Amino acid sequence: MPDAEFDDPRLAPLYDILDPDRSDLDTYLAVAEEIGARSVLDVGCGTGTFAILLAQRGIEVTGLDPAGASLDVARGKEGAEQVAWVHGDATTLPPLQVDLATMTANVAQVFLTDEAWARTLSAIHAALRPGGHLAFETRVPADRGWERWTPERTRATTDVPGLGPLTEWMEVTDVREDPLLVSFTAHNEFPDGQDVVSTSTLRFRSAEELETSLAAAGFEDVVLGDLPYAPGRGWLVRARRP
């Protein structure tokens, strides 16, 4: 089930307002340009920002997400008609043969079990043309980034047009080892005092786990590089279907 942050009709429309800096997407635009991608599958497309950026560059895009509320936001954006939106997960995709598949932000870490991750990688592999590329990011476990997800460090108030001041903060609720799973709550306090909470869990995979799982799914040329916008904190993982 998608987190409330993405599937609650009260929260999904706020996503772009509360997180307006999407310079992280420059990394994926550069990958698409580097390989000359003419078709892209954006897995976990959310509110569609990246998918629409690609479509505006003349690229054929499929935006996939299990969160209906986020897709509703995406479909309402200018340029959305240029994207094929699919409500579901990678295992429910129609037949595709794309040049590039992407998972931006935290998408690759929402698959908590080895089985769910393997199914997703296998479905993405099938959606790529022979020689097609996969690019995604994931946080480096050794950085222990979750230790920075405290109410003191994350509390922020944003004046939302038509709504008023909304205060948000994060709080880690559980850290489990082997596999490394971090659970946390994202609080959204509305001007009327109502606190709408989204509960999430992310899986932190080691380099070995990533390389092994990608190889098992049939990928080759696996490279874990520094994530350009978060050096030392995240990996940009790239792989290719033979």
Side-chain angles (χ1 to χ4, degrees), residues 1-29 31-32 37 39-57 59-93 96 98 100-112 116-117 120 123-124 127 134-139 149 154 156 158 160 166 168 170 184-188 196-203 227 229-230 234 236-237:
M1 294 291 293
D3 298 341
E5 178 182 4
F6 309 109
D7 210 24
D8 188 314
R10 296 167 295 179
L11 298 181
L14 301 175
Y15 184 85
D16 296 323
I17 298 171
L18 299 178
D19 188 18
D21 180 9
R22 295 311 309 271
S23 56
D24 59 301
L25 299 178
D26 292 345
T27 294
Y28 297 92
L29 291 173
V31 171
S39 55
V40 174
L41 166 64
D42 185 21
V43 178
C45 65
T47 59
T49 299
F50 181 53
I52 292 172
L53 283 174
L54 290 168
Q56 290 172 339
R57 287 161 170 77
I59 296 173
E60 180 181 326
V61 188
T62 300
L64 170 73
D65 206 286
S70 288
L71 285 180
D72 287 343
V73 174
R75 291 189 180 103
K77 291 183 175 181
E78 183 178 355
E81 70 283 353
Q82 302 175 70
V83 178
W85 305 105
V86 179
H87 184 199
D89 60 37
T91 65
T92 63
L93 279 168
L96 293 174
V98 299
L100 173 65
T102 60
M103 289 184 281
T104 65
N106 291 331
V107 172
Q109 292 185 244
V110 305
F111 306 101
L112 306 184
W117 179 234
T120 299
I124 291 173
L134 168 64
F136 65 90
E137 65 188 78
T138 184
R139 298 173 188 265
W149 303 347
T154 60
T158 302
V160 178
L166 183 142
E168 55 180 331
M170 293 171 59
F184 58 95
T185 54
H187 295 261
N188 300 269
V196 181
V197 178
S198 177
T199 301
S200 306
T201 299
L202 297 178
R203 175 151 176 189
L227 190 60
Y229 75 89
L236 175 63
V237 184

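Note: hydrogens, waters and symmetry copies are ignored here, and every other heavy atom, side chains too, is used. The structure displayed is predicted, hence computed values, not measured ones.
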Query raised in the report: Between the side chains of Ser198 and Asp3, does any donor sit under 3.5 Å from an acceptor?
Result: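 No, because no side-chain N or O of Ser198 sits under 3.5 Å from a partner of the opposite role on Asp3.
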Query raised in the report: Does any donor atom in the side chain of Asp16 or Thr47 lie under 3.5 Å from an acceptor atom in the other side chain?
Result: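 Looking only at side-chain atoms, Thr47 and Asp16 do form a donor-acceptor pair, the distance falling under 3.5 Å.
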Is there a side-chain contact between [X] and [Y] in this structure, where contact means two heavy atoms from C-beta onward sitting under 4.5 Å apart?
X      : Y      : value
Val98  : Val40  : no
Arg139 : Asn106 : yes
Leu202 : Phe184 : yes
Leu41  : Leu93  : yes
Glu78  : Ile52  : no
Leu25  : Thr104 : yes
Val86  : Leu71  : no
Leu29  : Arg57  : yes

Rounded to the nearest 0.5 Å, how far does [atom2] of [Y] lie from [atom1] of [X]?
X      : Y      : atom1 : atom2 : value
His187 : Glu168 : NE2   : CD    : 11.5 Å
Leu100 : Leu134 : CG    : CG    : 8.0 Å
Thr158 : Leu14  : OG1   : CG    : 9.5 Å
Met103 : Gln109 : CE    : CD    : 10.5 Å
Leu227 : Asp24  : CG    : CG    : 8.0 Å
Thr199 : Met1   : OG1   : CE    : 12.5 Å

What heavy-atom pair brings [X] and [Y] nearest, and what distance separates the two atoms?
X      : Y      : answer
Ala12  : Ser70  : CB-N, 4.0 Å
Ala135 : Val31  : CB-CG1, 4.3 Å
Thr154 : Trp149 : CG2-CA, 4.0 Å
Ala4   : Val197 : CB-O, 4.1 Å
Asp65  : Gly44  : OD2-C, 3.2 Å
Ala108 : Glu137 : CB-O, 3.7 Å

Report task. Could you label the plane-to-plane angle of the Phe111 and Trp117 rings as parallel, tilted or perpendicular, counting under 30° as parallel and over 60° as perpendicular? Result -> tilted
Query raised in the report: Counting only heavy atoms not in Glu60, do more than 12 sit closer than 6.0 Å to its CD atom?
Result: no
Query raised in the report: Can you check whether Gly68's main-chain N or O pairs, donor with acceptor, with Asp7's side chain at less than 3.5 Å?
Result: yes
Query raised in the report: Name the one of Thr49, Thr102, Thr62 that satisfies side chain to side chain donor-acceptor pair (under 3.5 Å) with Asp42?
Result: Thr102
